[in-house]
There are 2 protein chains.
Amino acid sequence: MENIIKIVITGSAGKIGSSIAFRIAAGELYGSEQKIDLHLLETSKGMEALKGIVIELEDSAFPLLNKIVATDVNDIAFTDADIALLIGSTPRTKGMERGDLLEENAAIFREQGKSINKCAKKSVKVVVVGNPANTNAFITYNNAKGINPKQFTALMRLDHNRAVSQLALKTNSRIEDINGVIVWGNYSSTQYPDLRFATIKDQLAYSVLDNNWVKHTYIKKVANRGAEILETRPYSAVHGAVSATLDHMRDWIFGSNGRWRTMAVISNGEYGVPAGLIFGMPVVCHNGDYQIVDNIIIDSFSKNKIEESIQELQSESFRVSNYL
Amino acid sequence: MENIIKIVITGSAGKIGSSIAFRIAAGELYGSEQKIDLHLLETSKGMEALKGIVIELEDSAFPLLNKIVATDVNDIAFTDADIALLIGSTPRTKGMERGDLLEENAAIFREQGKSINKCAKKSVKVVVVGNPANTNAFITYNNAKGINPKQFTALMRLDHNRAVSQLALKTNSRIEDINGVIVWGNYSSTQYPDLRFATIKDQLAYSVLDNNWVKHTYIKKVANRGAEILETRPYSAVHGAVSATLDHMRDWIFGSNGRWRTMAVISNGEYGVPAGLIFGMPVVCHNGDYQIVDNIIIDSFSKNKIEESIQELQSESFRVSNYL
C-alpha cells in the first residue's frame, strides 16, 4: 500500500490554519511526490466555515491530496496522525486576564494531548502555534505520557526568521548567508534574540555590528514586529506564521543541513533552563530528529535575559498546573 | 549578473493577492532555485494594509525573495515585469449594475494596459484574475498594442480545476489520471464544462458517465461552486483562486506535458469564437508558449453553450468599447 502521510491541522478554518492547508496540499512541506491526508479539526462553531475551506481544497484539484477529513472530534482528527499542527487556540478578548487566557487554552490542549496520546502514531511530530504556544505545548505533552516529550515542540521559528531577516536588512546580506542566530525563551516579548554567534558568510556578524544597536534597537525590533503589523490592520501575523510553521516542520523532518534553527523544545536542564519547560533554544535537525546545540557560552547579559523567560514560563506553568 | 524574475501582483494587499505573494516567495511558481523580485501594486487606499504584507514577507526570511517593491504607481510596478498577475479589481457592491462594474474596471485595466505597454518586458506574460476577468483582459491587451496579444490571458483554471475535481469525485478517480477536460467561454455562469473528450487513465470518461448527469447536474455543479462557498461565509474563492493562478502560470511557463488545460486566451476565430475575444479554450503548453487544441468536434449542444458565452462577452466588450 502507498505510504500516505496524515497531517492534522487544528483551527483549520482560521486564517493561519486554512492558509497552511493549501500550502501543504500544494507540496510545500513534503515535496511534489508524497501523497497526504489532511485531517482538519475545528470547533463545532467553526464547522460551517470549514465547509468553505473543504470546497476550496477540492476545487484546487491537488494531485497530492489523497483525502480530507473535516471534523470537530479530537479522536477522529488525531487518528494515526504523523504530523500535528496545533494552530487553533482561544484568542485573548477584551477584558480577559492573561491568567484566564492560559486556563481556557489549557483546557483545550489537555484534551488534545490526551487524544494525541490515544490516537496518533507513536512517532507523531507536534508543533504548537496557538498562543501561549510554549505553555500550550507543555500542557499537551504532559497529557500524552505514552509519547516521547521530545516530539512536542512550540513555534519560535517566526521569531527566528524575524531575527535573521532584521540582521540581513541591517547588513545588506542574503538570508542564505546567515547562520548561528538564536532566539531564546518564550514566544512573547521576553524572548531574547542572540546574535553573539551569528555569522554572515562564515564571518562573525558582530565584526560589523555595533553592540549598542544590538542591545537597544535590534532586540526590541524583533520582538515588536507583531505590533508593527497590528498598526496596519486589526490582526497579527498570518502568512509569516504559516511560512515559519512550514520551515519548522520541514527542517525537523528533512534536516537543517547543519544550520542552527530555533525551536521551542523540552529542556533537559540545558543552559540553566529547568527540565520540563518548553523553551526556545538553538537546534540542529538531522534525519527526522533535532539536537540542542551544546557548549554555548552564556554571558551575564544573556543569562539575565534567559532568566526573564524562565520566570515567565514557570509562572505560566504554575498557573496551569491543574491541567497536567 | 544573476537573472532575477520580476513578478507584478496587483491587489496585493487583498486576500488573493497577499496569499499568492507568499506562495510565490516560497518557490511555488519558479521552484526553489530561482530568485524573484515582487512588485506589489495597490490602490492608494490599500497602501497601509500593504505595509503589513511587506512586514510579513520580510519576517518570513524567504531566501528566494531578492527585493520587494510596494507601490501605488502603475509605472513603477510594471517596470521590467516578466510576469503580471492582475488580481485587483473593483468588486461589485450593493446596488451596482453589471454595466457600472464593467466600466469601473475598464478604467483600471486600461491604465494598467498602457503601463504594461510602456514599462514591462516585451516578453511579459499576463493573467487577469480580477473580475470580469475575460473582459478586463480584453481591455488590457487593447491598450498594449506594442505587445503580442497572445501574452494576455484570463484565469479559467479555477473552473477547469473544479471541472476536473468534480469528475474525479464522481468517478472516484485520481486527479493525475484525468485529462481532456475543457471549460469553454467566460469566467461566469455561462461557462461550459465539456467532458466529451475527457479521459480517465486514457479511457473516455463518458464510458462510465450518464449523459443526463453531465448535462443536468455536473455543468451546474461546476458553475455553482463559488455560490456554495458563499453559503459558508461572506466572500468567495480565495485559496482556490490562488492555486489556480499558480497552476495557470506554471503550466504556461514550464509546459503542461501534453495535457489539456483551460486558459482564457485571445481567439483567432477558432471554434466560431469571434477573433479578438478572450475566451476559455483548451490549450497545451510547451516551452513558454501555449497552443489552442485544434480539430475538436463541436456538436449542437456544445455549439449552443459556446454561443451563450460568445454573446455575453460580445455584449461586455460593446459596453467597454470607449476604453479601447
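Order of the sequence lines sets the chain letters (A, B, ...), proteins ahead of strands, with each chain counted from 1. Atom set for the values below is all heavy atoms of this structure, side chains included, hydrogens, waters and symmetry mates excluded. Just so it is clear, the structure is predicted and the values come from calculations on it, not from any experiment.
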> Can you say whether B/A237 sits under 4.5 Å from chain A via the side chain, the backbone, both, or neither, judging by heavy atoms?
Replying inline: both
>> Is B/S243 close to chain A through its backbone or its side chain, or both, or neither, when contacts mean heavy atoms under 4.5 Å?
In response: side chain
> Which bit of B/V222 comes within less than 4.5 Å of chain A, counting heavy atoms only: side chain, backbone, both or neither?
Replying inline: neither
> Okay, side chain of B/E56, backbone of A/G240: is any donor-acceptor separation there less than 3.5 Å?
Replying inline: yes
> Would A/N161 and B/D59 satisfy side chain to side chain contact (heavy atoms under 4.5 Å, CB included), going step by step from the backbone distance to the final call?
Replying inline: CA-CA 6 Å; A/N161 284 348; B/D59 285 358; 5.9 Å; no
> Heavy-atom distance under 4.5 Å to chain A: side chain of B/L57, backbone, both or neither?
Replying inline: neither
>> Please identify, among B/K35, B/H160, B/E231, the residue contributing the most non-hydrogen atom pairs under 4.5 Å to chain A.
In response: B/K35
> What part of A/I178 is in contact with chain B, defined as an atom under 4.5 angstrom from a non-hydrogen atom: side chain, backbone, both or neither?
Replying inline: neither
> Which atoms of B/D247 come close to chain A, meaning under 4.5 Å heavy atom to heavy atom: side chain ones, backbone ones, both, or neither?
Replying inline: side chain
> Do A/T232 and B/M47 have side chains that get closer than 4.5 Å, going by heavy atoms?
Replying inline: no
> With a 4.5 angstrom heavy-atom cut-off, which part of B/E28 approaches chain A: side chain, backbone, both or neither?
Replying inline: side chain
> Which of the residues B/R23, B/K51, B/K15 is involved in the greatest number of heavy-atom pairs with chain A at under 4.5 angstrom?
Replying inline: B/R23
> Does A/E58 come within less than 4.0 Å of B/R225, counting only side-chain N to carboxylate O?
Replying inline: yes
> In a check of side chain to side chain contact (heavy atoms under 4.5 Å, CB included) between A/P63 and each of B/V164, B/I175, B/D177, which one passes?
Replying inline: B/I175
>> Between B/S32 and chain A, with a heavy-atom cut-off of 4.5 Å, which part of the residue counts as in contact: side chain, backbone, both or neither?
In response: neither
> Relative to chain B, which of A/V54, A/I229, A/L158, A/I55 shows the most heavy atom pairs under 4.5 Å?
Replying inline: A/I55
> What part of A/V238 lies closer than 4.5 angstrom to a heavy atom of chain B: side chain, backbone, both or neither?
Replying inline: both
>> How long is the straight-line distance from CG of B/L65 back to CZ of A/R174, given to the nearest 0.5 Å?
In response: 13.0 Å
>> Assess the residue pair A/H239 and B/S19 against the criterion (side chain to side chain contact (heavy atoms under 4.5 Å, CB included)); give the C-alpha distance rounded to whole Å, side-chain angles, the decisive distance to 0.1 Å, and a yes or no.
In response: CA-CA 7 Å; A/H239 297 289; B/S19 286; 3.2 Å; yes
